[in-house]
Student: 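Once you've had a glance at the structure underneath, I'll fire off some questions.
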Amino acid sequence: MSGTLYLIPNTLGKRDEADPLADVIPAGVQQVISRLDYFVAENAKTARAFLKKSGETCPHDRAIQQIEIRELNVNTPDEALRALLEPTLAGRDTGLLSEAGVPAVADPGANLVRLAHASGVRVRPLVGPSSILLAVMGSGLNGQSFAFNGYLPVDAGERAQRLRELEQLSRRARQTQVFIETPYRNDALLEAMRQHCAGTTLLSVAVDLTLPSETIVTRPLSAWQPGQLALHKRPAIFSLLAG
């Protein structure tokens with residue numbers, strides 16, 4: 001009988017040592033973490049740091065050094081997924097751990113989850129922070145209909161075209177369009193929206209969600225000015241709703 005694949009959420013950023021992990025990772029999730037000895041994660045080093053932090057409040061059944069962690073990231077070929085799942089198929093409960101937030105959403109773990117379903121493995125998603133949902137919740141925009149679009153194109157011309165397409169879709173469907181950017185390009189993305197979208201279009205920017213520096217601001221694009229919100233190198237979620 002195969003084991004269970006647990007989808008384990010991570011924090012959304014570096015937290016102060018004094019901050020209780022239970023503020024964002026429920027005690028029940030930490031209890032599941034404490035008994036697992038096999039994890040698949042984007043980065044083994046940061047995964048061990050997270051497990052160590054969780055172990056401070058919910059001690060592991062074994063030493064951290066005895067926990068096996070294999071890596072799954074954007075460079076992992078599809079043909080390597082079967083080997084990652086083999087311990088689970090052999091009966092070993094497994095934790096799929098995201099680098100930040102929930103696994104398999106804007107995260108390379110989705111292919112492993114699909115393979116688990118195809119292989120008859122039980123999949124259990126666990127409760128934890130999703131920056132996408134938190135941003136939509138805090139935006140005041142349409143939470144009945146929204147779409148996550150991932151990263152926009154890096155090329156300025158292609159990015160402008162994509163922004164116009166998303167704005168038109170938002171206006172036509174009354175649908176909130178959500179997207180992200182590499183943190184050091186946040187300011188360039190905001191400026192592109194100011195240039196290529198209508199001033200009446202609402203933009204919400206959610207920065208450093210769940211962290212002490214968390215900031216969420218929603219206003220028409222005409223009211224956004226350069227430098228109004230410090231975005232450079234800060235994790236941000238952008239949500240747009242055209243009128």
Side-chain angles (χ1 to χ4, degrees), residues 1-15 19-62 64 66-74 76 81 84-138 143 146 148 150 178 180 206 208-211 214 235 237:
M1 182 176 178
S2 63
T4 296
L5 180 63
Y6 291 94
L7 310 187
I8 298 175
N10 203 335
T11 60
L12 293 177
K14 185 174 176 57
R15 300 173 62 80
D19 288 347
L21 194 61
D23 283 354
V24 288
I25 307 296
V29 174
Q30 294 189 62
Q31 289 171 4
V32 172
I33 293 171
S34 72
R35 64 178 180 79
L36 298 178
D37 66 355
Y38 175 54
F39 290 85
V40 178
E42 288 186 66
N43 182 289
K45 182 179 179 180
T46 54
R48 287 194 188 280
F50 173 76
L51 295 179
K52 181 180 178 181
K53 181 67 175 176
S54 177
E56 292 174 1
T57 52
C58 193
H60 297 282
D61 290 352
R62 57 197 54 77
I64 292 287
Q66 296 176 321
I67 296 174
E68 182 181 0
I69 301 176
R70 299 186 193 177
E71 293 190 350
L72 167 60
N73 53 50
V74 294
T76 302
L81 295 176
L84 293 175
L85 195 63
E86 282 299 337
T88 323
L89 293 169
R92 200 170 173 189
D93 286 344
T94 302
L96 176 60
L97 177 63
S98 179
E99 187 73 0
V102 295
V105 178
D107 175 270
N111 290 339
L112 186 66
V113 175
R114 186 185 308 118
L115 179 60
H117 283 297
S119 304
V121 170
R122 183 189 183 199
V123 175
R124 281 204 60 195
L126 301 181
V127 173
S130 164
S131 59
I132 298 166
L133 288 180
L134 291 171
V136 173
M137 288 165 58
F146 61 91
F148 177 63
V178 185
I180 54 179
D208 293 343
L209 289 165
T210 75
L211 302 179
E214 175 182 284
I237 303 284

Student: Quick one: closest heavy-atom pair of Leu84 and Tyr38, and the distance?
Tutor: O-OH, 2.6 Å
Student: Working to the nearest 0.5 angstrom, can you tell me the gap between Gln30 CD and Ile8 CD1?
Tutor: 10.5 Å
Student: Show me the donor-acceptor pairs within less than 3.5 Å that the side chains of residues 116-131 make with the rest of the protein, sequence neighbours left out.
Tutor:
residue	atom	partner	partner atom	Å
Ser119	OG	Arg82	NH1	3.4
Ser119	OG	Leu115	O	2.8
Ser130	OG	Leu133	N	3.4

Student: Side-chain donor-acceptor contacts of residues 94-113 below 3.5 Å, not counting sequence neighbours, with atom names and distances?
Tutor:
residue	atom	partner	partner atom	Å
Thr94	OG1	Thr88	OG1	2.7
Thr94	OG1	Arg92	O	3.1
Ser98	OG	Ala100	N	3.2
Ser98	OG	Ala100	O	2.9
Ser98	OG	Asp107	OD2	3.0
Glu99	OE1	Thr46	OG1	2.9
Glu99	OE2	Thr46	OG1	2.9
Asp107	OD1	Ala104	N	3.0
Asp107	OD1	Gly109	N	2.8
Asn111	OD1	Arg114	NH1	2.9
Asn111	OD1	Arg114	NH2	3.4

Student: Could you tell me whether the side chain of Ile33 reaches within less than 4.5 Å of the side chain of Leu51, counting heavy atoms only?
Tutor: yes
Student: Does the side chain of Ile25 reach to within under 4.5 Å of the side chain of Ser54, using non-hydrogen atoms?
Tutor: no
Student: Between Asp61 and Asp37, is any pair of side-chain heavy atoms under 4.5 Å apart?
Tutor: no
Student: Can you tell me how far apart CZ (Arg62) and OG (Ser34) are? Round to the nearest 0.5 Å.
Tutor: 9.0 Å
Student: I need the minimum non-hydrogen distance between Leu211 and Lys14, along with the two atoms involved.
Tutor: CD2-O, 3.8 Å
Student: Looking only at heavy atoms, what is the nearest atom pair of Arg70 and Pro87, with distance?
Tutor: NH2-CG, 3.7 Å
Student: Which pairs count as side chain to side chain donor-acceptor pair (under 3.5 Å) when at least one residue sits in residues 4-13, sequence neighbours excluded?
Tutor: Tyr6-Arg35
Student: Specify the closest pair of heavy atoms between Ile64 and Arg48, including all atoms of both residues, with the distance to one decimal.
Tutor: O-NH1, 2.9 Å
Student: For the CG atom of Leu12 and the OG1 atom of Thr210, what is their distance to the nearest 0.5 Å?
Tutor: 4.0 Å
Student: Could you give me the CA-CA distance, side-chain angles and deciding distance for Val178 and Ile237, then say whether side-chain contact (heavy atoms from CB on, under 4.5 Å) is met?
Tutor: CA-CA 7 Å; Val178 185; Ile237 303 284; 3.5 Å; yes
